[in-house]
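Atom set for the values below is all heavy atoms of this structure, side chains included, hydrogens, waters and symmetry mates excluded. Here is the naming used below: chain letters follow the sequence lines, and residue numbers restart at 1 for every chain. The structure displayed is predicted, hence computed values, not measured ones.
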Number of protein chains: 4
Amino acid sequence: MVNKTPAAKAPDATRRNERSRRAILDAALEIVGEVGFTKLTIEAIAARAGVGKQTIYRWWPSKAAVLLEAVVPEGLDPLTVELPDTGDIEADLRTVLRGTVDELNNPKLDAPTRALSAETQNDPELGRQLVERILEPQLQAYVRRLRSAQEAGQIAEGIDLRIALELLVGPLFHRWHTRTLPLTHDYADTVAELALRGLTPR
Amino acid sequence: MVNKTPAAKAPDATRRNERSRRAILDAALEIVGEVGFTKLTIEAIAARAGVGKQTIYRWWPSKAAVLLEAVVPEGLDPLTVELPDTGDIEADLRTVLRGTVDELNNPKLDAPTRALSAETQNDPELGRQLVERILEPQLQAYVRRLRSAQEAGQIAEGIDLRIALELLVGPLFHRWHTRTLPLTHDYADTVAELALRGLTPR
Amino acid sequence: MVNKTPAAKAPDATRRNERSRRAILDAALEIVGEVGFTKLTIEAIAARAGVGKQTIYRWWPSKAAVLLEAVVPEGLDPLTVELPDTGDIEADLRTVLRGTVDELNNPKLDAPTRALSAETQNDPELGRQLVERILEPQLQAYVRRLRSAQEAGQIAEGIDLRIALELLVGPLFHRWHTRTLPLTHDYADTVAELALRGLTPR
Amino acid sequence: MVNKTPAAKAPDATRRNERSRRAILDAALEIVGEVGFTKLTIEAIAARAGVGKQTIYRWWPSKAAVLLEAVVPEGLDPLTVELPDTGDIEADLRTVLRGTVDELNNPKLDAPTRALSAETQNDPELGRQLVERILEPQLQAYVRRLRSAQEAGQIAEGIDLRIALELLVGPLFHRWHTRTLPLTHDYADTVAELALRGLTPR
DNA sequence: AGTTAAGCGAGACGGTACGTCTGGTCTTGCC
DNA sequence: GGCAAGACCAGACGTACCGTCTCGCTTAACT
């Protein structure tokens with residue numbers, strides 16, 4: 001399928017100007033970092049990128065969509081994501097959760113990430129894309145690692161690994177989202193420990 | 001403290017028109033339910049409420065602030081919140097998490113709640129208020145109930161109850177926020193069970 | 001009955017606060033001199049005069065009416081106006097027209113006078129009042145002086161003195177109104193001379 | 001000179017939409033005739049003309065400027081204006097002043113003309129433009145006709161023709177402006193006669 | 001002397017319009 | 001045909017004033 005609506009006339013992607021595309025994505029990231037998502041405007045992006053507004057409207061449906069593409073790691077994300085597997089599930093989870101904490105604390109990513117996170121509440125379609133292209137691949141990697149642990153007898157049989165995963169990442173996102181308390185490595189460790197304790201066989 | 005900025009001249013709250021206030025809050029809730037937060041405008045609220053725009057700007061700093069006040073249960077929320085305490089911590093948590101699931105699934109609350117949740121990402125001050133006035137009182141109730149269970153020996157000593165609480169509610173909010181999978185009573189039960197399993201003494 | 005319109009409730013003028021009245025007139029004159037008539041607002045007058053807005057609305061129908069009252073020489077204008085009569089009509093007219101030129105060039109009166117002059121175009125009722133209370137008494141004084149000259153044989157019989165008067169003052173007001181060329185004593189003299197030349201008997 | 005302020009970025013006049021321009025001018029004239037200048041608003045013009053407000057603000061600095069352009073005869077006014085020259089100066093002036101009286105009595109032109117006349121008092125720059133683009137060309141035509149009469153010996157040498165002109169038109173504008181007495185052909189004739197009498201050689 | 005009814009300062013209110021900003025579309029001319 | 005540029009229609013923004021309406025408070029005048 002090429003067009004959602006029959007009347008839509010899709011632009012010819014082969015003639016697309018890659019320089020303009022990069023300039024737009026870079027400008028969007030810069031501006032969102034400077035003034036926040038609310039004051040990020042298509043006009044400002046176009047001006048900063050030295051680009052006509054139509055060039056943005058031609059390729060993206062909204063400023064959030066631009067930001068989404070700007071945030072997605074350029075080359076290879078979809079399925080390449082993999083968690084470490086040393087055989088020690090708790091150690092591996094600590095490592096990963098600490099990494100997640102570090103990412104969430106990264107000030108350069110903070111503005112666009114929060115902006116996108118916010119916008120998904122108002123724009124479910126955007127949310128679907130963000131989940132599909134960024135979140136879900138990572139969650140699947142968790143599931144695969146947990147399955148490996150389950151097969152090794154480190155996690156009780158019969159446990160829904162999807163829920164297990166949410167037990168691990170839910171607390172981190174909750175704290176990030178509400179800004180109630182700081183996200184630290186200690187916190188990551190404790191979450192990993194307590195969650196795992198609920199998952200291990202008795 | 002009376003004024004944030006010395007130059008600000010606060011309006012006289014004793015002269016405030018309560019009818020207008022209610023009309024504004026009601027109109028905001030109605031409109032956000034109809035067209036979503038992005039298309040909710042101050043002008044539309046004023047028009048629907050039969051009120052001048054200035055009357056909104058006089059008392060609220062943003063449409064999000066209006067919505068916040070509209071969503072807060074009118075009379076008595078701050079500390080009255082209390083969780084059931086039957087002595088059976090798992091049963092009580094199931095009850096409460098099921099209730100939370102029901103609230104999150106309530107279509108009438110969905111639009112304003114997501115709108116506020118989103119806006120807190122762009123407006124930290126709003127987030128602070130939302131946490132302080134709505135979220136934190138409820139979380140504290142969790143902490144009190146968990147402490148009671150801890151004292152009854154149902155939860156291991158030395159466990160940080162704040163983190164315990166996040167283990168319970170984090171997964172629910174994560175699923176609500178990402179719209180990945182449905183929020184059901186079964187899900188609430190499973191989360192309660194697995195989280196508690198990690199908290200109980202060995 | 002005291003009221004023109006049955007519904008109108010006239011305020012009791014005997015209880016009027018003279019201090020407030022003066023403060024309002026003074027404030028209006030000050031502000032119009034500072035920012036011009038367009039930016040003269042009732043609110044600004046009230047604020048500067050330390051007066052409630054209602055006190056202005058109670059006694060005047062518009063900001064132009066305030067200005068009109070502020071500009072009218074306080075005590076004695078209506079019929080006291082009299083032109084000099086030395087027996088030499090040309091000399092007397094030169095004196096008077098030079099005086100008019102001086103008044104029109106007075107920078108303190110310029111702003112309010114132009115403002116009122118302008119407003120009469122949009123508000124004929126105001127124009128009627130301004131003519132009746134300020135302009136007409138002066139014009140009548142001209143007519144009386146011209147009649148005296150006519151009776152002395154210095155002005156031809158049969159000449160409409162109303163038109164004669166307009167021949168004298170019309171050019172001055174035209175030049176003042178259009179700001180085309182400067183208003184000088186020389187100009188006043190020349191107008192008096194040429195106009196009179198058209199009025200004298202052959 | 002291109003820009004008054006160096007920072008101003010002038011819009012590209014070659015891209016201007018002529019249909020919008022005409023619609024705006026027509027709408028302004030209509031509305032001013034219906035409700036008067038004070039209640040003429042930019043918003044109403046835009047709405048009636050089916051035009052965005054910005055399109056008005058882009059090309060005109062004020063509603064008065066719009067009206068000025070709307071009132072200026074479209075094609076060819078600047079120097080084409082010429083008074084009749086039959087050789088009989090008094091007859092010619094009667095013709096012209098009668099024509100002026102008719103124009104000033106034209107009810108369709110009355111509202112916008114009075115509005116502009118009024119506005120020039122508050123906005124000297126507008127006054128300058130109105131004089132330059134409308135009034136002065138006509139006055140110059142008077143001067144040329146008077147010079148022709150002077151050269152024919154019908155007007156005394158040494159008379160300042162600029163002042164002579166003001167003797168003729170000043171009275172008419174004074175009466176129009178003050179609305180004291182009606183403007184009739186008889187009045188025009190009398191003014192022409194008396195003024196000329198003052199100008200002719202003895 | 002006590003009551004009562006205005007005028008008064010203050011400012012909240014329902015409105016209208018302001019002049020600006022941005023959204024999203026359309027047009028022009030360059031490449 | 002993509003693109004930079006930017007004019008265009010549309011409409012929300014947040015502000016300024018409008019003219020009306022309470023609210024207490026003075027401040028007479030009239031019991």
Side-chain angles (χ1 to χ4, degrees), chain A residues 9 11-17 19-21 23 39-47 49-59 61-63, chain B residues 9 11-17 19-20 23 38-47 49-59 61-63, chain C residues 9 11-17 19-21 23 39-47 49-59 61-63, chain D residues 9 11-17 19-21 23 39-47 49-59 61-63:
Chain A
K9 39 180 173 179
D12 181 347
T14 65
R15 308 193 67 176
R16 186 166 185 184
N17 184 334
R19 284 171 61 84
S20 295
R21 180 178 158 277
K39 292 188 194 158
L40 171 69
T41 66
I42 299 276
E43 301 220 322
I45 299 174
V51 140
K53 293 195 323 183
Q54 197 65 294
T55 302
I56 301 180
Y57 285 112
R58 182 154 34 232
W59 301 109
S62 68
K63 63 181 181 177
Chain B
K9 40 179 171 181
D12 182 345
T14 68
R15 294 214 162 175
R16 187 164 184 186
N17 185 332
R19 285 172 60 84
S20 295
T38 304
K39 291 189 195 157
L40 171 69
T41 67
I42 300 275
E43 298 218 324
I45 298 174
V51 140
K53 291 199 304 180
Q54 201 57 46
T55 301
I56 300 180
Y57 285 112
R58 183 156 29 233
W59 300 110
S62 66
K63 63 181 182 177
Chain C
K9 39 178 173 180
D12 181 347
T14 67
R15 308 192 72 178
R16 185 166 186 185
N17 184 334
R19 284 171 60 82
S20 294
R21 180 177 158 278
K39 291 189 196 159
L40 171 70
T41 67
I42 300 277
E43 299 218 324
I45 298 174
V51 139
K53 294 194 319 182
Q54 200 57 44
T55 302
I56 300 181
Y57 285 112
R58 188 176 301 118
W59 301 109
S62 67
K63 64 178 181 177
Chain D
K9 40 179 173 179
D12 182 346
T14 67
R15 293 217 163 173
R16 187 164 185 185
N17 184 333
R19 285 171 60 84
S20 295
R21 181 178 157 276
K39 291 188 195 160
L40 171 69
T41 66
I42 299 276
E43 299 217 324
I45 298 174
V51 140
K53 294 199 305 180
Q54 201 56 46
T55 302
I56 300 181
Y57 284 111
R58 180 154 36 232
W59 301 110
S62 67
K63 62 180 182 178

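Between the P atom of dG11(E) and the CD1 atom of I56(C) lies a distance of 15 Å, rounded to the nearest Å. If you measure from atom NZ of K63(A) to atom C1' of dG24(E), you get 14 Å, rounded to the nearest angstrom. In this entry the distance linking CH2 of W59(C) with P of dA6(E) reads 12 Å, nearest Å. Remark: P of dA12(E) and CD of E43(C) are 11 Å apart, rounded to the nearest angstrom. In this entry the distance linking CD1 of I42(B) with C1' of dG15(E) reads 16 Å, nearest Å. Whole-Å rounding puts the Y57(C) OH to dG11(E) C1' distance at 13 Å.
In this structure K63(B) satisfies the salt bridge (Lys or Arg N to Asp or Glu O under 4.0 Å) test with no other residue, sequence neighbours excluded. Applying the side-chain contact (heavy atoms from CB on, under 4.5 Å) criterion to R19(A), with sequence neighbours excluded, gives N17(A). By the side chain to side chain donor-acceptor pair (under 3.5 Å) test, E43(C) pairs with K53(C), sequence neighbours left out. Not counting sequence neighbours, the partners of R15(D) by the side-chain contact (heavy atoms from CB on, under 4.5 Å) test are D12(D). Every side-chain contact (heavy atoms from CB on, under 4.5 Å) that S62(D) has, sequence neighbours left out, goes to A64(D), A65(D). With sequence neighbours excluded, the residues forming a side-chain contact (heavy atoms from CB on, under 4.5 Å) with A23(D) are A49(D), listed by chain and number.
Counting non-hydrogen atoms under 4.0 angstrom, R16(B) reaches the backbone sugars and phosphates but no base.
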All N/O contacts under 3.5 Å from nucleotides 27-31 of chain E to the protein, with atom names and distances to one decimal?
residue	atom	partner	partner atom	Å
dT28(E)	O2	R15(D)	NH2	2.5

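The two atoms that bring S20(A) and T55(A) nearest to each other are CB-CG2, 4.5 Å, heavy atoms only.
When DNA chain F is scanned 5' to 3' for any atom under 4.0 Å from a heavy atom of chain C, the first and last hits are dC17(F) to dA28(F).
Of the side-chain N and O atoms in S20(C), none sit less than 4.0 angstrom from OP1 or OP2 of dG7(E).
Put simply, the side chain of K53(C) and the base of dG11(E) share no donor and acceptor less than 3.5 Å apart.
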